[in-house]
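It should be emphasised that the depicted structure is a prediction, and the values quoted were computed from it without experimental measurement. Chain letters run A, B, ... following the sequence lines, proteins first, then strands; residues in each count from 1.
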Amino acid sequence: MSSFDEMDAFEGASLSARAMAARSQSMGAPYLDDLNPAQREAVERMDGPVLMLAGAGTGKTKALTARIVHLLMTGRARPNEILAVTFTNKAAREMKERVGRLLGQSIEGMPWLGTFHSICVKLLRRHAELAGLKSNFTILDTDDQIRLLKQLVQAAGIDDKRWPARQLAGVIDGWKNRALTPDKVPSADAGAYNRRGVELYAQYQTRLRELNAVDFGDLLLHVVVIFQTHPDVLEQYQRWFRYILVDEYQDTNVAQYLWLRLLAGGHRNICCVGDDDQSIYGWRGAEVGNILRFEKDFPGAHVVRLEQNYRSTPHILAAASNVIRGNAGRLGKELWTEADEGEKVRLIGHWDGEEEARWIGEEIEAMQRGTRGTRPFGLNEVAILVRASHQMRAFEDRFLTIGLPYRVIGGPRFYERMEIRDAMAYFRLVVSPEDDLAFERIVNTPKRGLGDKAQQVIQTTARANGVSLLEGARIAVEDGLIKGKGGAALRTLVEDLRRWGRMTGDADLSHMELAEIVLDESGYTGHWQNDKTPEAPGRLENLKELVKALENFENLQGFLEHVSLVMDNDKQDAEQKVSIMTLHAAKGLEFPAVFLPGWEDGLFPSQRSMDESGLKGLEEERRLAYVGITRAEELCTISFAGNRRVFGQWQSALPSRFVDELPEEHVEVLTPPGLYGGGYGAAAAQGGAARGNIESRVADVNVYNSPGWKRMQARAGQRGMSQPKESRTTVIDLAAVSSFTMGERVFHQKFGYGAIIGIEGDKLEVDFEKAGPKKVVAQFVTSNDDIPF
DNA sequence: AGTTGCCGTTTTTTT
DNA sequence: AACGGCAACT
């Protein structure tokens with residue numbers, strides 16, 4: 001069967017090119033009318049290479065979607081002849097929606113609008129045999145990947161403490177990102193230390209083929225290799241994809257770059273959209289060089305700059321561009337706006353991370369009421385963007401205490417939860433009995449009395465017969481190799497799996513019902529029902545949600561495919577909440593009011609980034625600062641803390657060097673709320689301002705010049721670390737003063753209500769009504785009748 | 001075979 | 001501080 005039969009099938013489903021062209025002429029082109037000249041140029045310059053340099057908030061998605069519509073309307077391409085690639089599913093979804101909206105009808109046939117990975121899955125399923133795979137290959141997640149590598153490391157007799165599988169996975173991913181197969185890894189990389197790594201990489205690839213599986217990196221790597229080694233296949237696609245569009249081009253890695261260059265090699269109708277100033281994924285293989293080099297790669301490329309910003313106020317833009325100015329080798333853009341001046345960027349220093357969280361919490365409450373000299377803000381309009389996810393905790397703790405609703409974006413994803421992966425392993429095994437990794441995961445979950453020894457017997461039997469683990473288990477059971485309770489349980493499991501497998505063909509049974517049967521009869525649901533830990537109910541809830549999610553799919557296979565590629569977790573909820581997320585997660589988003597806490601050297605810019613990548617690392621951190629500031633539409637508040645707990649240890653830090661790069665005339669330095677001696681700040685601020693250095697101004701109005709601070713620094717120097725808590729507590733931290741009494745009824749966010757049955761320093765023993773007796777830190781507990789602050 | 005407790009690591013993250 | 005992994009114990 002020709003690979004194109006299926007593609008051609010899309011034609012019928014979509015609007016014909018001629019019909020569209022006719023429509024375009026008869027109706028004019030409203031989608032062009034509200035574009036600015038630069039956007040319009042990016043849309044109308046359809047042939048040949050185009051680089052759209054789109055600064056933050058300049059309407060890049062608008063231009064991109066208009067371009068797709070324009071290609072369709074002018075009859076240049078049919079919907080299935082446009083290849084449009086994004087990095088995230090969210091971006092792909094948004095683009096589909098917007099194209100549909102512009103066309104005034106939903107487009108069924110844009111099969112090639114998607115993420116790099118989802119498009120590569122489609123391509124690879126068609127040409128799997130060229131990569132030594134069957135087209136029903138499974139896609140391993142990181143967890144499977146690491147378990148597999150661990151087995152290989154152990155089999156090679158290497159101490160897996162010196163060569164952690166996680167680290168090896170990182171190295172291999174790095175190679176895959178650079179499109180390097182094991183034989184292509186340069187000897188410089190494969191030096192003394194990594195020689196073993198390359199061998200393991202080769203073994204890993206072999207093992208994946210045996211398992212008929214790929215990891216994420218392989219999706220691209222295999223397709224690139226197929227294109228490189230099968231010119232005929234490449235040519236088909238070069239001809240088929242008449243126009244190529246790429247979003248977030250600055251984030252492409254070498255493999256993606258090669259993939260694009262190969263596909264665009266014929267007609268060169270490629271339009272890449274990106275912003276070199278927003279390249280923040282270098283640490284995972286993205287090459288800013290790709291965008292910097294575009295004009296060399298595609299001679300005659302047309303470069304369009306989108307510089308009019310529709311998002312932020314002039315103060316915010318000025319602050320952002322002054323910061324990013326510190327980077328060398330930029331393509332150069334200057335954002336401008338017609339918006340009114342608005343508020344200056346606000347800057348404030350705090351004693352420690354908890355105080356920072358407390359202040360921001362109060363600030364948000366005030367902003368909600370509109371008592372900050374600004375309009376009232378809804379909680380949905382406010383975001384807190386942090387450098388590293390551990391910073392989120394201080395905010396969560398504080399917001400729980402004061403009852404400020406928040407949502408954490410990113411974080412542990414639904415499909416990464418243990419119970420979900422276990423359930424999915426069952427489904428995988430039902431659908432494909434040869435899935436050894438899935439088998440390993442669930443043989444003894446729930447406990448079936450199958451320990452190391454029994455599992456080893458299964459392994460050996462399977463290997464001896466050259467069959468899958470499940471089949472090996474069947475043979476081992478038949479031959480009576482596994483005795484006792486375990487043997488009986490294994491027999492049941494093997495038979496059940498086979499039975500469920502047959503049920504997939506049952507027309508009277510929906511796949512949702514089947515899923516429920518599998519989870520119930522395998523004993524997995526019961527396993528959590530019997531579990532007394534406080535998380536168990538949540539896990540059962542998640543399992544229910546998982547089954548519900550099946551609703552949207554035809555069958556289990558379709559669902560599994562979806563899950564392996566779409567790990568999204570942004571459930572919509574209607575309630576007004578403050579968003580908390582990392583700067584990385586914030587890319588592409590915007591909020592009227594943004595808080596940027598934790599601007600301390602070492603945290604932001606991150607020490608690790610600077611140690612590992614030097615100046616390059618620092619510049620990426622600076623771009624992160626740029627991304628952060630440009631998320632704000634109206635109000636941007638930057639803050640830093642003098643002390644912070646890191647890995648349970650107090651550490652003091654200096655304000656970030658990026659604070660120095662903020663332009664003074666666009667920044668308002670806030671006086672902290674009268675904690676360190678009232679009028680002191682205001683008077684000192686003037687002295688500091690004369691020195692013209694933001695940091696010293698902050699230092700003056702702040703704790704940094706206070707006698708208390710200096711004492712603390714001296715003491716910190718003596719002891720090697722500071723102990724801010726003890727000296728601070730009496731001044732402000734009323735919440736931390738333990739005032740609990742035995743028998744008192746208290747509330748804990750996670751465990752609910754309970755009575756105090758023991759007090760030891762700042763730890764309480766509480767007999768919770770639902771969760772039973774637990775030891776908890778006093779700070780996490782609120783007295784029933786006393787609302788702090 | 002399963003449980004407990006100690007030790008070491010962790011904190012850019014998306015597909 | 002908190003979690004996961006591993007070893008020693010029951």
Distance check needed: [N] [atom2] versus [X] [atom1], whole Å only.
| X | N | atom1 | atom2 | value |
| --- | --- | --- | --- | --- |
| D143(A) | dT15(B) | CG | C1' | 15 Å |
| Q154(A) | dC6(C) | CD | C1' | 11 Å |
| R147(A) | dG5(C) | CZ | P | 11 Å |
| L624(A) | dT12(B) | CG | C1' | 8 Å |
| R417(A) | dG4(C) | CZ | P | 13 Å |
| R166(A) | dC6(C) | CZ | C1' | 17 Å |
| M418(A) | dG4(C) | CE | C1' | 11 Å |
| R645(A) | dA2(C) | CZ | C1' | 12 Å |

Check: Is the gap between the ring centers of Y257(A) and W259(A) under 6.0 Å?
Finding: no

Check: So which one's nearest nucleotide on DNA chain B is more toward 5', E621(A) or S118(A)?
Finding: E621(A)

Item checked: K150(A) side-chain proximity, nearest of dG5(C), dT12(B), dT10(B) -> dG5(C)

Note to self: If you only use heavy atoms from C-beta on, which nucleotide in dT12(B), dT10(B), dT15(B) is closest to the side chain of F647(A)?
What the structure shows: dT10(B)

Check: If you look at every strand shown and take non-hydrogen atoms under 4.0 Å, does F116(A) touch a base, only sugar-phosphate, or nothing?
Finding: nothing

Margin query: Using a 4.0 Å heavy-atom cut-off, does S606(A) contact any base of the nucleic acid, only the sugar-phosphate backbone, or nothing at all?
Written below: nothing

Note to self: Donor-acceptor pair, distance only, cut-off 3.5 Å: does the side chain of N444(A) make one with the backbone of K447(A)?
What the structure shows: no

Item checked: No-H, no-angle donor-acceptor pair, H584(A) side chain to dT13(B) base, under 3.5 Å -> no

Next item on the list: Respond yes when some side-chain nitrogen or oxygen of R393(A) is under 4.0 Å from OP1 or OP2 of dA2(C), and no when none is.
Entry: yes

Checklist line | Below 4.0 Å: OP1/OP2 of dT14(B) and any side-chain N or O of T115(A) | finding: no

Next item on the list: Tell me, please, which residues at least two apart from E590(A) pass salt bridge (charged side-chain N to carboxylate O under 4.0 Å, His left out).
Entry: R311(A)

Check: Taking it one step at a time, do D218(A) and Q205(A) satisfy side-chain hydrogen bond (donor to acceptor under 3.5 Å, both in side chains)?
Finding: CA-CA 9 Å; D218(A) 281 339; Q205(A) 293 305 91; 3.1 Å; yes

Next item on the list: Starting from the C-alpha separation in whole Å, work towards a yes-or-no answer on salt bridge (charged side-chain N to carboxylate O under 4.0 Å, His left out) for D277(A) and R623(A).
Entry: CA-CA 6 Å; D277(A) 292 334; R623(A) 291 192 291 268; over 6 Å; no

Note to self: Within residues 277-291 of chain A, which residues have any heavy atom lying less than 4.0 Å from an atom of DNA chain B?
What the structure shows: W283(A), R284(A)

Item checked: Candidate pair F640(A) and H350(A), rule ring pair (Phe, Tyr, Trp, His ring centres under 6.0 Å), full reasoning -> CA-CA 6 Å; F640(A) 55 92; H350(A) 299 283; 7.8 Å; no

Checklist line | Residue of the set E600(A), E356(A), E355(A) for which side chain to side chain donor-acceptor pair (under 3.5 Å) holds with S639(A) | finding: E356(A)

Please tabulate, one pair per line, each protein N/O and nucleotide N/O from nucleotides 1-7 of chain B that are separated by under 3.5 Å, including the distance.
from: dA1(B); atom 1: OP2; to: G451(A); atom 2: N; distance (Å): 2.8
from: dG2(B); atom 1: OP1; to: G449(A); atom 2: N; distance (Å): 3.4
from: dG2(B); atom 1: OP2; to: N444(A); atom 2: ND2; distance (Å): 3.4

Notebook entry, point to check: Pick from D422(A), D141(A), D144(A): which one makes a salt bridge (charged side-chain N to carboxylate O under 4.0 Å, His left out) with R441(A)?
Noted result: D422(A)

Margin query: Any heavy-atom pair between the side chains of V121(A) and L565(A) that's under 4.5 Å?
Written below: yes

Margin query: Please evaluate residues F87(A) and F116(A) with respect to the criterion ring pair (Phe, Tyr, Trp, His ring centres under 6.0 Å), reporting the C-alpha separation (whole Å), side-chain torsions for both, the decisive distance (0.1 Å), and the verdict.
Written below: CA-CA 6 Å; F87(A) 272 84; F116(A) 275 103; 5.2 Å; yes

